[in-house]
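See structure below.
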Amino acid sequence: MIQEKISEAQSRIEAACRRVGRNPAEVTLIAVSKTKPVELLREAYEAGMREFGENKPQEIREKYPQLPADIRWHMIGHLQRNKVRSIIDKVCLIHSVDSVRLAETISEEAARIGIVMPVLAEVNVAGEESKFGLRPEETEEFVRTIAKLSNICVEGLMTIAPFTENPEDNRIYFRKLKKLCVDISEKNIDNVCMRSLSMGMTGDYEVAVEEGATMVRIGTGIFGERNYTQL
Ligand SMILES: *Cc1c(COP(=O)(O)O)cnc(C)c1O
């Protein structure tokens with residue numbers, strides 16, 4: 001069941017790549033497993049999935065020791081500074097950095113354990129009041145500032161597009177994030193390598209891939225609907 005969902009997502013990503021002349025190897029599928037029990041993650045793992053996305057430090061802490069060590073955990077949700085220490089040694093990429101203070105804490109905690117943590121800057125491209133993330137206009141300055149920190153490495157941008165019935169509605173936002181990424185990349189800022197564009201979820205990932213996503217974060221499309229009331 002999960003295996004079929006993963007294959008289906010992969011074929012759709014490949015088809016989207018073909019439509020725009022991209023190489024599917026450029027796109028990483030991240031299985032967003034938040035709220036889902038480890039049995040389901042194990043099923044996805046057995047189907048070949050190695051990239052998992054979670055939005056709560058607590059869930060990463062719980063699931064991490066129960067699953068194989070070659071899983072690459074992605075922190076995709078809003079992160080509080082006092083939770084950084086609990087995940088810094090477990091995640092491969094933090095997608096949701098949107099404040100200098102958070103970036104400073106990540107750098108400090110990474111230094112403490114002797115690593116350099118890759119991060120993405122989260123941008124609120126659609127300017128939604130309810131969402132975290134930087135304004136597009138402030139993103140370059142933000143990247144310049146946090147790139148000076150010794151133990152993080154800025155690897156690109158992330159966005160959560162608005163919820164919509166029609167994925168085409170989000171095309172403008174994906175295009176805008178891609179442009180912002182290229183613009184910042186062209187500034188050749190030290191310690192910045194804008195290689196990752198994390199955008200697209202179950203409802204709109206094909207459009208995101210057409211517009212240049214290198215990472216898509218798919219939850220419902222792999223694991224089914226989430227039931228928050230069980231938590
Ligand atoms: C939950 C979540 C997703 C996945 O959402 P689906 O619509 O279930 O695919 C992607 N990105 C972030 C940041 C999320 O919190």
Side-chain angles (χ1 to χ4, degrees), residues 1-2 4-13 16 27-37 40-41 43-44 47 49 51-63 71-80 83-84 87 91-99 102 106 118-134 155-171 173-174 177 196-231:
M1 178 63 176
I2 285 185
E4 282 148 31
K5 296 286 191 184
I6 293 171
S7 307
E8 185 192 326
Q10 267 154 353
S11 347
R12 286 181 179 213
I13 291 168
V27 185
T28 301
L29 167 57
I30 299 170
V32 177
S33 45
K34 63 190 188 200
T35 79
K36 298 296 177 182
L40 290 188
L41 279 75
E43 196 178 328
M49 184 55 62
E51 316 274 337
F52 289 83
E54 290 283 346
N55 70 339
K56 291 206 168 68
Q58 175 74 26
E59 275 194 75
I60 296 180
R61 278 209 312 275
E62 281 173 20
K63 292 171 178 177
I71 287 180
R72 291 168 44 83
W73 295 94
H74 295 256
M75 178 63 204
I76 61 173
H78 184 65
L79 181 57
Q80 285 170 326
K83 302 285 168 58
V84 172
I87 58 150
V91 301
C92 65
L93 179 64
I94 299 175
H95 293 231
S96 43
V97 178
D98 65 353
S99 83
L102 173 61
I106 294 170
V119 302
L120 307 181
E122 178 172 353
V123 185
N124 183 357
V125 236
E128 289 178 284
E129 294 269 341
S130 61
K131 295 236 169 93
F132 294 105
L134 303 150
E155 295 200 341
L157 306 177
M158 178 273 227
T159 198
I160 304 173
F163 177 78
T164 164
E165 292 294 322
N166 180 5
E168 284 298 329
D169 295 345
N170 283 339
R171 189 178 293 277
Y173 301 122
F174 297 141
L177 195 71
S196 298
L197 209 47
S198 170
M199 58 187 194
M201 319 196 336
T202 297
D204 56 17
Y205 68 92
E206 290 154 285
V207 174
V209 168
E210 287 173 4
E211 295 301 328
T214 69
M215 293 177 171
V216 293
R217 310 177 307 263
I218 305 184
T220 318
I222 290 176
F223 295 107
E225 295 292 334
R226 285 177 294 272
N227 186 350
Y228 286 100
T229 57
Q230 276 175 2
L231 291 182

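Bear in mind that the values here come from a model prediction, so they are computed numbers and not experimental data. Remember, it's 1-based here, ligands and their atoms both numbered in the order they're listed.
Interatomic distance, CZ of R171 versus CG of D169, reported as 11.0 Å (0.5 Å rounding).
Put simply, the side chain of T159 never gets that close to the backbone of M199: no donor and acceptor are under 3.5 Å apart.
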Which atom pairs, nitrogen or oxygen on both sides, join ligand 1 and the protein at under 3.5 angstrom?
from     : atom 1 : to   : atom 2 : distance (Å)
ligand 1 : 8 (O)  : T220 : N      : 2.8
ligand 1 : 8 (O)  : T220 : OG1    : 2.5
ligand 1 : 8 (O)  : R226 : NH1    : 2.8
ligand 1 : 8 (O)  : R226 : NH2    : 3.1
ligand 1 : 9 (O)  : T202 : N      : 3.0
ligand 1 : 9 (O)  : T202 : OG1    : 2.4
ligand 1 : 9 (O)  : G219 : N      : 2.8
ligand 1 : 11 (N) : R217 : NE     : 2.8
ligand 1 : 15 (O) : K34  : NZ     : 2.6

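Tested against E54, the residues K34, K36, K63 include a single salt bridge (charged side-chain N to carboxylate O under 4.0 Å, His left out) partner, K63.
Using the six-membered ring where Trp is involved, H95 and H74 have ring planes that are perpendicular, over 60° apart on the 30 and 60° scheme.
When all heavy atoms are compared, the tightest approach of L134 to V97 is CD1-O, 4.4 Å.
F174 meets the ring pair (Phe, Tyr, Trp, His ring centres under 6.0 Å) test with no other residue; sequence neighbours excluded.
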